[in-house]
Amino acid sequence: MARYELVKRSVALITLTNPPVNALSSAVRHAIAKSMDHALNDPKVTAVVICGENGRFCGGADIREFAGPLRGPPLVPLLDAIEAGEKPVVAAIEGVALGGGFELALVCHYRIAHFKARLGLPEVTLGILPAAGGTQRLPRLIGIPAALELITTGRHISAQEALKLGIVDQVTEQNACEVAVEFALRAVAKPLSSRRVSMLTTPCPPDLDGLLEAVTMQVKKKARGVMAPLACIQAVRAAATMPYSKGIKRESELMATLFNSGQARALQYCFFAQRTAGKWTLPSGAQWNNSKPREIRSAAIIGLGTMGRGIVVSLARVGISVIAVESEKKLLETGKQMVIGMLERDAKRRGVSASLNLLKFTLSLQDLKDVDLVIEAVFEDMALKKRVFQELSKVCRPATLLCTNTSGLDVDALAGVTDRPHLVVGMHFFSPAHVMKLLEVVCGPRSSSETIATAMILGKRMGKVSVAVGNCPGFVGNRMLKPYLDQATFLLEEGATPEQIDKALEDFGFAMGVFRMSDLAGLDVGWRVRKESGLTGPDVDPKNPPRRRQGRRYCPIPDMVCEQGRFGQKTGRGWYMYDKPGGTNAKPDPLIQNLLEMYRSRYGIQPRNISDQEIIERCLFALANEGFRILEDGIAARPEDIDVIYLFGYGFPRHGGGPMFYASMVGLERVLERLEHYHQAHPDVPHLEPSPLLKKLVACGSPPVQKWREHIKTMHSHL
Ligand code: 3H9
């Protein structure tokens with residue numbers, strides 16, 4: 001867990017050896033303590049260098065150990081002892097120095113960083129704070145404002161920025177470890193007292209209270225209801241106002257509060273869920289680590305609407321040459337200008353040159369004959385998509401992968417019209433596609449493992465979080481959205497307002513409430529789908545009683561809003577009113593209020609006061625209930641996959657963990673009891689009827705979310 005060697009006859013080189021990130025597990029802490037003891041007591045040793053194996057200094061505390069009781073030497077006294085030692089200790093930072101790894105570097109008397117290294121205190125993103133002295137040492141080293149920014153955001157910084165801030169003493173392009181050994185030899189004769197960061201006086205800004213107040217406001221606005229950044233601010237205040245010995249106690253008290261909180265558990269769950277999500281498996285045994293992806297050098301996008309443009313940008317900025325196809329000259333020209341503008345802005349922001357030479361724009365599908373992969377992003381219309389796929393079958397070489405960016409149509413039906421169903425897969429991007437990190441990779445029953453592996457890795461290459469899902473209407477994300485949206489509109493019928501529902505969801509932590517989100521996405525898309533499926537419009541069977549379709553409760557209010565030409569932000573009116581078409585500042589609209597009142601009186605609905613609790617329970621438990629059904633159906637392989645989809649695609653708050661983790665945190669028994677209650681009150685809403693899997697899990701004693709998989713017996717697993 002740590003290798004000890006004597007180099008240059010007098011330097012003790014301690015190498016952390018805990019792959020993949022040299023996390024500070026109990027065994028590593030134990031090995032560091034033993035090695036330091038050895039080094040400090042060996043008279044041959046005049047200086048110490050600490051580095052990490054495989055070009056990675058240290059990724060911090062071992063997060064997996066957080067779930068159990070503390071074993072092995074605690075970190076704070078271990079680090080204090082390194083700093084207090086009488087021999088100079090130099091940190092050789094390569095790869096990463098994060099969290100406890102950064103705190104380890106801070107107790108070393110000198111820090112040498114490789115120019116590609118990244119440093120940071122990301123604890124806040126895990127719902128905790130840097131509790132091995134990080135909140136006390138960093139402000140002493142670089143001052144309160146800079147330390148506050150790093151600690152409350154968890155931002156990683158480059159070695160160059162660390163040098164500018166005074167965190168590291170030297171940045172090198174050579175082997176950091178070798179440079180550190182030479183540095184250590186030179187440091188032997190120098191006094192150490194000024195190098196012990198905990199002994200420094202924290203440089204205090206003139207208006208400390210004002211600064212802390214301003215940062216508190218910022219943090220509250222950005223991360224509503226999130227505890228960790230606020231605790232970080234309090235810990236930094238202690239660094240400014242208390243001696244180190246007291247500050248470190250305050251840090252530890254704050255950590256204890258955070259450590260046991262539901263938010264910390266949720267955020268740590270999110271960390272692992274995100275990493276688990278890429279590990280797909282198929283019933284055939286093919287999986288992420290035994291299926292070889294194809295290399296994709298060239299791609300084509302069909303359709304230059306909002307989605308198509310975002311996909312072109314996502315591909316081009318990772319160096320893939322792209323042919324973009326439109327059906328009309330005018331649309332092609334508009335799309336081209338938009339894509340070029342987006343790429344140029346993106347390149348400027350990242351300080352690189354725009355990869356415009358990778359782009360080609362055409363009206364002819366014939367130009368696609370040699371590309372490695374095509375992503376179709378035309379209008380959401382099955383007949384049109386089928387025509388495109390038939391055409392692609394004819395023009396593209398037999399090995400070209402054919403992908404569809406449908407948000408819910410049958411991927412297998414599209415595969416069926418091609419000459420290569422095994423090379424067809426869904427790649428469901430989220431709008432705007434160059435910004436949103438989620439990619440649902442929709443595996444049809446005939447998609448080959450190579451095809452799935454290629455789409456998953458391509459997503460990763462574009463910086464996306466790729467999640468493999470099965471093929472069913474709406475896949476995972478949009479299938480679950482339906483019961484969630486339905487509950488919101490039923491609550492409108494019963495007496496709530498769009499603002500009230502949105503506020504409850506935003507207070508819960510959603511980036512946007514359901515109505516503001518729908519206004520942003522555009523209300524007309526769903527309206528068209530409902531018309532096509534005979535739920536509204538001239539094709540509705542007149543024998544249907546009002547507010548009922550296909551034997552279940554139906555709320556026609558969204559259709560009535562659309563009938564007035566209110567399609568959301570783009571038309572300046574939707575569930576809210578906006579200053580102008582395309583405006584983003586949502587204001588409550590009295591016309592919507594009137595519409596709701598007239599609607600209720602027309603159907604004799606007595607509006608009632610609806611509590612925020614009911615809003616949250618009905619929307620979120622209906623959402624999770626559909627998640628349980630998705631697990632039963634084998635459309636998602638694990639609850640973690642569903643949660644990652646909702647975190648990255650639908651603005652579910654990370655500190656809630658995602659709908660499935662949230663349900664487990666509330667308690668499955670309670671979720672079951674509330675769903676039974678609401679289903680009894682609304683028997684014509686099947687989505688409120690508790691799913692068999694939920695009942696089964698409760699009957700099995702409500703196991704933790706990571707164990708649900710053992711209880712899911714899918715006869716027809718799609719994954
Ligand atoms: C802390 O330090 C608290 C202290 O202040 C004081 C306490 C008293 N622990 O991300 P990757 C696993 S809190 C355990 O795919 P990359 C990860 O799950 C900690 N496991 O690689 C994955 O496992 P698997 C503060 C960890 O190259 C594998 O390593 N530190 C840890 O894309 C590869 O990970 C952080 O928050 C860990 N600390 O990115 C840093 N880190 O193969 C968290 C990783 O089974 N880590 N794993 O799926 C990261 O941000 C990234 O992993 C890193 C590498 C940038 C290091």
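Whatever order the structure lists ligands and atoms in, that order sets their numbers, starting from 1.
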Report yes or no: does Arg224 contribute a side-chain atom to a donor-acceptor pair with the main-chain N or O of Lys220 at less than 3.5 Å? no
Using a 4.0 Å cut-off to any heavy atom of Ala131, which atoms of ligand 1 qualify? 5 (O), 6 (C)
Sub-4.0 Å atoms of ligand 1 with respect to non-hydrogen atoms of Pro122: 30 (N), 35 (C), 36 (O)
Among all protein non-hydrogen atoms, which one is nearest to atom 9 (N) of ligand 1, and what is the separation to 0.1 Å? Ile63 N, 2.9 Å
Check: of Thr125, Leu98, Ile128, min heavy-atom distance to atom 50 (O) of ligand 1 comes from Leu98
Mind telling me whether Tyr4 and His38 have parallel, tilted or perpendicular rings, with 30° and 60° as the class edges? parallel
Please confirm whether Ala132 comes within less than 3.5 Å of ligand 1 when only nitrogen or oxygen atoms on both sides are compared. no
Specify whether Tyr646 and Tyr650 have parallel, tilted or perpendicular ring planes, treating 30° as the upper limit for parallel and 60° as the lower limit for perpendicular. parallel
Are side-chain N/O atoms of Thr454 and Thr451 paired as donor and acceptor at under 3.5 Å? no
Between Tyr269 and Asp643, do the side chains contain a donor N or O and an acceptor N or O under 3.5 Å apart? yes
Polar contact flag, side-chain donor to acceptor under 3.5 angstrom, Arg140-Tyr244: no
Side chains of Ser198 and Glu83 only: does a donor on one sit below 3.5 Å from an acceptor on the other? yes
Which residue holds the protein heavy atom closest to atom 42 (O) of ligand 1, what is that atom called, and what is the gap in Å? Lys279 NZ, 3.9 Å
At under 4.0 Å between heavy atoms, which part of Asp62 makes contact with ligand 1: side chain, backbone, both or neither? both
Should you measure from each heavy atom of Gly100, which atoms of ligand 1 turn up under 4.0 Å away? 1 (C), 2 (O), 4 (C), 5 (O)
Over all atoms of both residues, closest heavy-atom pair of Pro229 and Val219: CB-CG1, 3.3 Å
Atoms of ligand 1, numbered as shown, that sit under 4.0 Å from any heavy atom of Gly99: 2 (O), 25 (C)
Of all protein heavy atoms, the one nearest atom 21 (O) of ligand 1 is Arg56 NH2, 4.3 Å
State the atoms of ligand 1, each with its element, that fall below the 4.0 Å cut-off from a heavy-atom position in Glu103. 4 (C), 5 (O), 6 (C)
Check this for me, if you would: do Asp346 and Arg349 make a salt bridge, where the nitrogen-to-carboxylate-oxygen distance has to be below 4.0 angstrom? yes
Per-atom filter on ligand 1: closer than 4.0 angstrom to a heavy atom of Gly60 are 2 (O)
Number the atoms of ligand 1 from 1 as they appear, then name those within less than 4.0 Å of a heavy atom of Phe272, with their elements. 18 (O)
Measure the distances from the heavy atoms of Pro130 to every atom of ligand 1 and state whether one is below 4.0 angstrom. yes
Do you see a protein non-hydrogen atom under 4.0 Å from atom 32 (O) of ligand 1? no
Contact atoms of ligand 1, heavy-atom distance to Glu123 under 4.0 Å: 1 (C), 2 (O), 3 (C), 4 (C), 5 (O), 13 (S)
When you measure from atom 47 (N) of ligand 1 to every protein heavy atom, which one gives the shortest distance, and what is it? Val21 CG2, 4.1 Å
Modelled atom types, side-chain donor and acceptor of Thr17 and Glu53, under 3.5 Å: no
Answer side chain, backbone, both or neither: which part of Leu126 comes under 4.0 Å from ligand 1, heavy atoms only. side chain
Nearest non-hydrogen protein atom, atom 23 (O) of ligand 1: Arg64 NH2, 3.5 Å
Atom 28 (C) of ligand 1: nearest protein contact (heavy atom, Å): Pro20 CG, 3.5 Å
Do me a favour and list the nearest non-hydrogen protein atom to atom 34 (O) of ligand 1 with residue, atom name and distance? Arg275 NE, 4.0 Å
Quick one: do Asp169 and Arg195 make a salt bridge, cutoff under 4.0 Å? yes
Starting at CG of Leu148, measure out to CD of Gln218 and round the result to the nearest 0.5 Å. 9.5 Å
Please say whether Ala61 places an N or O atom under 3.5 Å from an N or O atom belonging to ligand 1. yes
Heavy-atom contact check, 4.0 Å cutoff: does Glu65 meet ligand 1? no
Distance-only donor-acceptor check, side chains Glu94 and His114, under 3.5 Å: no
In the protein, what heavy atom is nearest to atom 30 (N) of ligand 1, and what distance, to one decimal place, separates them? Gly59 O, 2.9 Å
Check this for me: does any side-chain nitrogen of one of Glu640 and Arg709 sit under 4.0 Å from a carboxylate oxygen of the other? no
